[in-house]
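All ligand and atom numbering here is 1-based and tracks the order in the structure.
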Amino acid sequence: MLEGKKILLGVTGGIAAYKAVDIVSRLRKAGAEVRVVMTREATEFVTELTFREISGNPVTVDMWAPIQHWNVAHIALADWADAVLVAPATANILAKAALGVADDMLTTTLLASTSPLFFAPAMNCNMYAHPAVQKNIETLTARGAHIIAPEAGKLACGAEGPGRLAEPPQIVAILDDFFARGGQLSGVKVLVTAAGTIEPIDPVRYIGNRSSGKMGYALAEEAVARGADVVLVSGPSALSAPKGLKTFISVETAQEMREAVLREAEASRIVIKAAAVADYHPKTVAAHKIKKNDEELSITLEKNPDILKELGQRKKKGQILVGFAAETQNLLQYAQEKIEKKNLDFIVANDVTKPGAGFNTSTNIVKLLSRDGAVKEMPLMTKREIAKCIFDYILPDDLGGNN
Ligand code: PMT
């Protein structure tokens with residue numbers, strides 16, 4: 001899948017820079033054209049000449065090198081690339097990219113690029129575990145960048161733990177897989193719901209839940225990455241809408257989500273309901289702010305429509321309907337019951353009591369259940385990685401999957 005692809009490789013100043021030479025060589029053997037941008041620090045580890053020879057292209061380091069042609073170099077490089085890979089990615093480049101700093105050729109090019117972006121971090125394990133680095137990785141992931149996790153092992157500094165650059169064959173395989181998935185869902189409409197609904201009590205208060213939208217947004221990003229026409233219906237969320245969506249519909253209440261979802265589901269081949277929909281809403285919404293005059297306040301709640309159940313009742317032949325189950329006990333039993341009751345093809349079950357799983361985390365731990373009773377257990381992974389696994393699992397043969 002890399003044949004003819006244009007890959008821009010950013011090399012930063014870490015001991016693993018020497019492995020980037022192998023990455024270039026493997027990318028070229030796979031048919032890709034590679035251009036390399038190095039930071040000044042990277043040239044302390046490997047020479048420009050090495051990358052020029054191995055890539056067969058000029059290497060860029062300096063913003064102020066004599067002009068070779070009348071292109072604005074960082075813009076031209078950014079526009080040229082089908083994908084940008086930074087390997088090794090130091091803690092420094094992750095921080096700069098997360099903040100949007102543009103003080104050299106690589107950082108400036110990263111800012112100007114709209115291509116898919118991959119970072120392969122490599123650093124000391126304590127640096128990698130530092131909250132600042134993890135926060136930057138989270139920021140970049142939330143913006144749609146792909147993080148190629150480092151491996152654990154003996155590091156160049158003598159320490160042991162996660163921080164070693166992923167092996168070049170694995171990095172190249174991840175890029176290859178990315179392009180393989182690129183056109184897989186081209187022309188296919190995918191509807192995803194995300195975040196929680198909020199149900200007003202009065203003009204200033206509401207009943208809500210802890211859903212951040214991260215799981216649903218990751219699913220929408222994955223569907224976009226596979227080339228689908230993606231409609232994302234989202235409750236309130238602090239996240240920015242993923243790039244490349246066909247339609248983004250912002251809703252607040254379960255009733256509003258129902259209207260949008262039923263309208264959009266009609267022509268959707270795949271519907272995934274990751275949203276945490278409120279099961280009840282206040283029966284009456286006070287016209288004015290409720291005053292705290294009494295010691296107790298009772299609010300009568302009325303049941304919301306079960307949107308997923310309605311989708312199950314209306315499901316058309318060939319449509320793939322995927323629900324989520326957020327449980328705190330009897331995970332498999334409750335999830336299996338929901339598959340039956342709501343006429344689903346698959347359900348993604350998460351035990352939201354587990355650390356690293358469920359609401360408002362960047363990771364999740366899920367079990368994928370299909371209608372035929374099969375259960376696939378997934379370890380702790382980022383929500384973005386889980387989104388990829390979910391699509392791999394649910395797609396039938398005619399959409400390039402294994403089902
Ligand atoms: O957004 P994050 O912070 O990343 O958190 C992710 C998540 C925990 C919200 C997500 O992984 C998840 O589990 N989403 C479903 C939460 C939920 O509402 O579960 P449930 O078991 O109550 O509902 C089962 C299914 O029915 C869900 O697909 C839900 O969207 C749907 N439903 C529920 C009630 C209702 N009235 N209408 C519905 O469509």
Side-chain angles (χ1 to χ4, degrees), residues 138 141-142 191-199 207-222 232-239 242 251-262 264-265 270-281 301-315 320-369 378 380-387 389-390 394:
E138 203 177 301
T141 308
L191 170 62
V192 178
T193 70
T197 62
I198 58 172
E199 311 295 332
I207 297 175
N209 63 64
R210 297 176 194 279
S211 174
S212 61
K214 286 179 188 169
M215 191 66 246
Y217 280 50
L219 284 157
E221 275 165 21
E222 179 61 22
L232 176 60
V233 178
S234 175
S237 167
L239 304 175
V251 297
E252 291 204 333
T253 63
Q255 194 54 47
E256 287 170 13
M257 183 169 277
R258 175 181 177 271
E259 278 160 31
V261 165
L262 294 186
E264 295 294 334
I270 301 170
V271 180
I272 309 183
K273 282 215 79 252
V277 185
D279 290 319
Y280 292 88
H281 64 268
L301 301 178
E302 201 171 44
K303 208 161 190 182
N304 272 329
D306 188 325
I307 308 167
L308 190 55
K309 195 168 166 194
E310 279 189 67
L311 289 173
Q313 286 158 355
R314 297 167 176 221
K315 192 164 67 169
I320 301 166
L321 187 54
V322 185
F324 267 71
E327 305 293 350
T328 56
Q329 56 180 340
N330 303 333
L331 182 66
L332 283 179
Q333 184 201 326
Y334 289 160
Q336 253 140 10
E337 285 171 8
K338 281 176 187 167
I339 286 199
E340 282 305 318
K341 218 162 55 191
K342 305 193 188 204
N343 191 24
L344 309 178
D345 298 292
F346 301 94
I347 197 156
V348 182
N350 38 193
D351 176 347
V352 294
T353 62
K354 284 195 179 153
F359 292 90
N360 201 17
T361 49
S362 299
T363 53
N364 207 352
I365 307 167
V366 302
K367 294 186 201 311
L368 306 181
L369 282 71
M378 321 285 291
L380 178 92
M381 281 192 260
T382 64
K383 284 183 173 166
R384 193 64 181 74
E385 287 164 341
I386 286 184
C389 294
I390 290 173
I394 65 168

Subject >> Atom NZ of Lys309: over 12 foreign heavy atoms under 6.0 Å >> reply: no
Original post:
Just which atoms of ligand 1 are under 4.0 Å from any heavy atom in Asn364?
Top reply: 11 (O)
Original post:
Tell me: protein heavy atom nearest atom 37 (N) of ligand 1, and distance?
Top reply: Ile307 N, 3.2 Å
Subject >> Criterion side chain to side chain donor-acceptor pair (under 3.5 Å) on Gln336 and Glu340, from CA distance to verdict >> reply: CA-CA 7 Å; Gln336 253 140 10; Glu340 282 305 318; over 6 Å; no
Subject >> N/O separation below 3.5 Å, Ala325 to ligand 1 >> reply: no
Original post:
In terms of residue, atom name and distance, what is the protein heavy atom nearest to atom 2 (P) of ligand 1?
Top reply: Ser212 OG, 3.4 Å
Subject >> Heavy-atom proximity to atom 23 (O) of ligand 1, best of Phe324, Tyr217, Tyr334 >> reply: Phe324
Original post:
Purely on distance, is any nitrogen or oxygen of Thr361 under 3.5 Å from one on ligand 1?
Top reply: no
**OP:** For ligand 1, find out whether one of its N or O atoms is nearer than 3.5 Å to an N or O atom of Lys214.
**Re:** yes
Original post:
Do you know which of Ile347, Val233, Leu344, Leu308 makes side-chain contact (heavy atoms from CB on, under 4.5 Å) with Lys273?
Top reply: Leu308
Subject >> Shortest protein contact, atom 26 (O) of ligand 1 (heavy atom only) >> reply: Lys342 NZ, 3.0 Å
Subject >> Exercise: identify the closest heavy-atom pair between Leu380 and Thr363 >> reply: CD1-OG1, 3.7 Å
Subject >> Lys315 vs Asp345, salt bridge (Lys or Arg N to Asp or Glu O under 4.0 Å): CA-CA, chis, key distance, verdict >> reply: CA-CA 10 Å; Lys315 192 164 67 169; Asp345 298 292; 3.2 Å; yes
Original post:
Taking N or O atoms only and a 3.5 Å limit, does Ala276 qualify as a polar contact for ligand 1?
Top reply: no
Original post:
Of all the atoms in ligand 1, which lie at a distance below 4.0 Å from a heavy atom belonging to Gly213?
Top reply: 1 (O), 2 (P), 3 (O)
Original post:
Do any nitrogen or oxygen atoms of Leu308 come within less than 3.5 Å of a nitrogen or oxygen of ligand 1?
Top reply: yes
Original post:
For atom 39 (O) of ligand 1, which of Glu310, Lys273, His281, Lys341 has the closest heavy atom?
Top reply: Lys273
Subject >> Atoms in ligand 1 with a heavy atom of Met215 nearer than 4.0 Å >> reply: 4 (O), 6 (C), 11 (O)
Original post:
Numbering the atoms of ligand 1 from 1, which are under 4.0 Å from a heavy atom of Asp279?
Top reply: 34 (C), 36 (N)
Original post:
Considering only protein heavy atoms, which is closest to atom 11 (O) of ligand 1, and at what distance to one decimal place?
Top reply: Asn350 OD1, 2.6 Å
**OP:** Could you check atom 22 (O) of ligand 1 against the protein and tell me its nearest heavy-atom contact, residue, atom and distance included?
**Re:** Lys338 NZ, 4.3 Å
Subject >> Element-labelled atoms of ligand 1 that are located less than 4.0 Å from some non-hydrogen atom of Gly358 >> reply: 5 (O), 6 (C), 8 (C)
Original post:
Is any N or O atom of Pro305, backbone or side chain, closer than 3.5 Å to an N or O atom of ligand 1?
Top reply: yes
Original post:
What are the atoms of ligand 1, with element, lying closer than 4.0 Å to any heavy atom of Asn360?
Top reply: 2 (P), 3 (O)
Subject >> Any N/O pair Asn304/ligand 1 closer than 3.5 Å >> reply: no
Original post:
What atoms in ligand 1 come closer than 4.0 Å to a heavy atom of Asp306?
Top reply: 35 (C), 36 (N), 37 (N), 38 (C), 39 (O)
Subject >> Check: Ala274 N/O within less than 3.5 Å of ligand 1 N/O >> reply: yes
Subject >> Per-atom contacts, ligand 1 versus Phe359 - under 4.0 Å to a heavy atom >> reply: 3 (O), 5 (O), 8 (C), 9 (C)
**OP:** Would you check if Phe346 and Ile272 make a side-chain contact, meaning some heavy-atom pair closer than 4.5 Å?
**Re:** no
